[in-house]
Protein chains: 2
Amino acid sequence: MGSNVTLKHIAEVLDVSAMTVSRALNDRDNVDEKTKQRIREKAKSMGYTPNRVAKSLVSRKTHTIGVVIPEITHAFFPEVVRGIEEVVYNSGYQLFLTNANEQFEREKEAIETLRAQRVDGLLVSSSLTREDYAFYKKIIEGGAKVVFFDRCIENIGASCVSVNDRESSQKITEHLILEHNYSKIAHLSGPQKVSIGRERLQGFLDAMNAQDIPINKDWIVQAGFREDTGYEAMWNLLQDHADNLPEAVVALNDPTAIGAIDAIQEFGLSVPEDIAIVGFTDDIRSSLLDPPLTTVHQPAYEIGEKAAEKLIQTIEEEDPEVEKIEVPTRLQIRSSCGCSSDQIHTD
Amino acid sequence: MGSNVTLKHIAEVLDVSAMTVSRALNDRDNVDEKTKQRIREKAKSMGYTPNRVAKSLVSRKTHTIGVVIPEITHAFFPEVVRGIEEVVYNSGYQLFLTNANEQFEREKEAIETLRAQRVDGLLVSSSLTREDYAFYKKIIEGGAKVVFFDRCIENIGASCVSVNDRESSQKITEHLILEHNYSKIAHLSGPQKVSIGRERLQGFLDAMNAQDIPINKDWIVQAGFREDTGYEAMWNLLQDHADNLPEAVVALNDPTAIGAIDAIQEFGLSVPEDIAIVGFTDDIRSSLLDPPLTTVHQPAYEIGEKAAEKLIQTIEEEDPEVEKIEVPTRLQIRSSCGCSSDQIHTD
DNA sequence: TTGTTATATGTTAACGATAACATTTCTACT
DNA sequence: AGTAGAAATGTTATCGTTAACATATAACAA
């Protein structure tokens, strides 16, 4: 792959030194204009493609960025990747994409490979589900340029781009409490070792506490990140507490909410009449559900852009600031929370 | 990025030659077991990561594959990428992902960069919309390993993985004709320079001809690939031919169909009562639409797997066969075609 | 003409790893 | 002890490009 023509070949044919060819093709000064012309033409006709591998070995830059995401099917991530792509492309970098499939082992391996590949920087949304920050700590201390997005690992010297999960989660919970007067509210939560799992649970609790609503621990259940795990968690909740069901459910993300809606309907109850439900993400499907899902709209594309910009800055600047960047969300009110379509508003 | 420890550093510390270190870390024979141990330990404690850039320069292999897709938001492609990822990961390769955004210029640039990067092979679904095969012809003749998927460019020496677009399109059109007795059928087609655009139109025509149904050229309109272009094309059709509307529409893919449904409903007509519609893809949203969309289910994940397998074979084998691989589709009957939910069956 | 700058080009070494060949150090056996 | 042969280690050159330094040619002034 790549052409097999090298500087040397061109040099031999034209009877000049490889260095002159290099200079000519990089349009440096100190090369006779006629020589340049000759070299450029010959390079083109011979189908020369510069070998970036060799160039990288010398320059110690690969103009390459590694992206690690935990899921590629959850529509949120492709949209983030689109944002990243756009920025990165315009800055002359290439993307290595790796999908860790929610497995931290795989994430670690991917990162090792990416580093061996000498990527200039890493954009990661971690699948980490236990408190094993040592891995990241080590590579960041070793000088790796890392920016986390969505699922952040904080206080280890890397910047992070995400939404304000805690506040957003509080807001949507308060919508349930203040607009609909629900007080029996459940939470389908994420793994507590993942930042969004923690933060969104905290936001839920903040809302409950702020409104002085007692918290029923039986109604706070671990539900993973996907449709199937959401379905299962909701189904168990319905089974185990059939005598005392919540009026509303706050799901940690839309796929989970989608699974939960299935479970509720299959259980013979209806949404939102028997149980209202809200999500978090604003998945591409959410407006199409029956009922349409009330959720927190997360600007995925923008998260990608911001993360990529921050990473490139981190790579290129002398002494980059470590930042926690928050991009604003908005409530996307639809009808799964109990709002009728004419009272729908956004906040 | 990457550690800055090299073989040489380790060698100096241990007072052996770099070669011995190389041999030890690659677990070659002819290195004393004790020395190996010493070297491995030191390498670990110094945080050594082999520099693949240097390795690649010597071996002329990067263990890297470039993927070029035309859209990343159309859910079909992330799913294909997941299939690719799985295969590629298990074979020890890494993925470079590039999104060409339906722009051929961008696709070309991406491929140039990827080749300069010396990827071992290329997986591409082309955004090509004019007859400019010269570009691919040249690089394939130059020895590049390329496998096309979904949107193929044929007869230029590269393998290709896709569904049987023509036959599938014919089948779903015949469903409209034979099961529902529609004869006034429109087609929202794709660019004719893209293989799927041509093939799916052909399949539509095959069905019409096979059933002896006259074709109304006004009802065959170019509709791009996306929701917005589908909406626009359908809207224009409705406006321009309000006096003589089709009873059914065959859209070249689901996003187009989704846009078209919006247009029809906004126009004040209902689906499928006034106009029935079918798509092609089986997008993640299609079962959630109102009405749920009848479509051709395309096994995206499998297409990805097959394409990746074929590429790796093409890279690694001596004298790889150029193949056209077709993966089977199935009709996914839902109700947008006029089937009532109890008569839904698959074929 | 001679010397002095520019300008154009060439040479060498380096990036980090490894293949190919060369050398040293063991082991084992007469 | 002496030596063949295996085992362990070292040296050199290479992959393709470029930085840093060196040299050759041209252009110009005195």
Side-chain angles (χ1 to χ4, degrees), chain A residues 1-40 42-43 46-64 112-113 115-120 143, chain B residues 1-40 42-43 46-64 112-113 115-120 143:
Chain A
M1 283 279 322
S3 74
N4 25 15
V5 183
T6 72
L7 288 184
K8 219 171 167 185
H9 295 145
I10 302 178
E12 273 162 18
V13 174
L14 294 177
D15 198 35
V16 292
S17 75
M19 198 60 227
T20 303
V21 179
S22 169
R23 282 193 271 246
L25 295 178
N26 288 298
D27 203 15
R28 300 289 180 74
D29 303 339
N30 296 350
V31 183
D32 189 88
E33 202 46 57
K34 273 171 290 178
T35 320
K36 260 190 199 174
Q37 210 45 46
R38 248 178 359 125
I39 291 176
R40 282 199 195 120
K42 189 53 89 179
M46 291 176 76
Y48 172 75
T49 322
N51 185 328
R52 283 229 197 175
V53 175
K55 204 178 267 194
S56 294
L57 188 58
V58 176
S59 67
R60 289 135 167 288
K61 287 265 301 169
T62 54
H63 284 278
T64 262
E112 285 304 349
T113 317
R115 300 188 70 218
Q117 217 89 250
R118 293 302 188 267
V119 294
D120 293 337
Chain B
M1 282 285 318
S3 74
N4 25 16
V5 183
T6 72
L7 287 185
K8 219 172 167 185
H9 295 144
I10 301 178
E12 273 161 20
V13 174
L14 294 177
D15 197 35
V16 292
S17 74
M19 199 58 227
T20 303
V21 178
S22 169
R23 283 194 270 245
L25 295 178
N26 287 298
D27 203 15
R28 300 290 179 73
D29 303 339
N30 297 349
V31 183
D32 189 87
E33 202 45 58
K34 274 171 289 177
T35 320
K36 259 189 197 173
Q37 209 45 46
R38 251 181 354 130
I39 291 176
R40 283 197 195 123
K42 188 54 86 181
M46 292 175 75
Y48 171 75
T49 323
N51 185 328
R52 284 228 198 175
V53 175
K55 204 178 268 193
S56 295
L57 189 57
V58 176
S59 68
R60 291 134 166 289
K61 287 266 300 171
T62 55
H63 283 278
T64 262
E112 286 302 351
T113 317
R115 298 189 72 217
Q117 217 89 251
R118 293 301 189 270
V119 293
D120 294 337

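Each chain gets a letter, A, B and so on, in the order its sequence line appears, and its residues count up from 1. All values reported here derive from a predicted model rather than from experimental measurement.
Side-chain contact between A/T113 and B/R52: present, with at least one pair of heavy atoms (C-beta onward) separated by less than 4.5 Å. Using a 4.5 Å heavy-atom threshold, the side chains of A/T64 and A/Q117 count as separate.
When all heavy atoms of B/D120 and B/H63 are compared, the pair lying nearest together is OD2-N, 2.6 Å. Among all heavy-atom pairs drawn from B/S17 and B/A11, the shortest one is C-CB, 3.7 Å. Taking every heavy atom of both residues into account, A/L7 and A/S22 meet most closely at CD1-CB, 3.7 Å. Between A/V5 and A/G47, the shortest heavy-atom distance links the atoms CG2-O, 4.4 Å.
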Within the sub-3.5 Å range, which N or O atoms of nucleotides 16-20 of chain C have a protein N or O partner, and how far apart are they?
| unit_1 | atom_1 | unit_2 | atom_2 | d |
| --- | --- | --- | --- | --- |
| C/dG16 | OP1 | A/R60 | NH2 | 2.5 |
| C/dG16 | N2 | B/A54 | O | 3.3 |
| C/dA17 | OP1 | B/Y48 | OH | 2.5 |
| C/dA17 | OP1 | B/N51 | N | 3.2 |
| C/dA17 | OP2 | B/L7 | N | 2.7 |
| C/dT18 | OP2 | B/S22 | OG | 2.7 |
| C/dT18 | OP2 | B/N26 | ND2 | 3.3 |
| C/dA19 | OP1 | B/R28 | NH2 | 3.4 |

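The closest donor-acceptor contact from the side chain of B/D32 to the backbone of B/K34 lies under 3.5 Å. One N or O on the side chain of A/R118 and one on the backbone of A/R115 form a donor-acceptor pair closer than 3.5 Å.
Fit an axis to the five pairs at each end of the helix from C/dT1-D/dA30 to C/dT30-D/dA1 and the two axes sit 60° apart, to the nearest 10 degrees.
Using a 4.0 Å heavy-atom cutoff across all strands shown, B/D32 reaches sugar-phosphate atoms only and no base atom. Backbone-only contact: A/T35 has heavy atoms under 4.0 Å from sugar-phosphate atoms and none from a base. Within 4.0 Å (heavy atoms only), A/S56 reaches no atom of the nucleic acid at all. At the heavy-atom level, B/T20 lies under 4.0 Å from the strands shown only through sugar-phosphate atoms.
A 6.0 Å sphere centred on NZ of B/K61 holds more than 12 heavy atoms belonging to other residues, nucleotides or ligands.
For the pairing with B/R40, the side-chain contact (heavy atoms from CB on, under 4.5 Å) check across B/I10, B/L25, B/T35 returns one residue only, B/L25.
Note: NZ (B/K34) to P (C/dT25) measures 16 Å, nearest angstrom.
You can see that DNA chain D meets the heavy atoms of chain B within a 4.0 Å-exclusive cut from D/dA8 to D/dG16, reading 5' to 3'.
With rounding to the nearest 0.5 angstrom, the NZ atom of A/K36 is 6.0 Å from the CG atom of A/D29.
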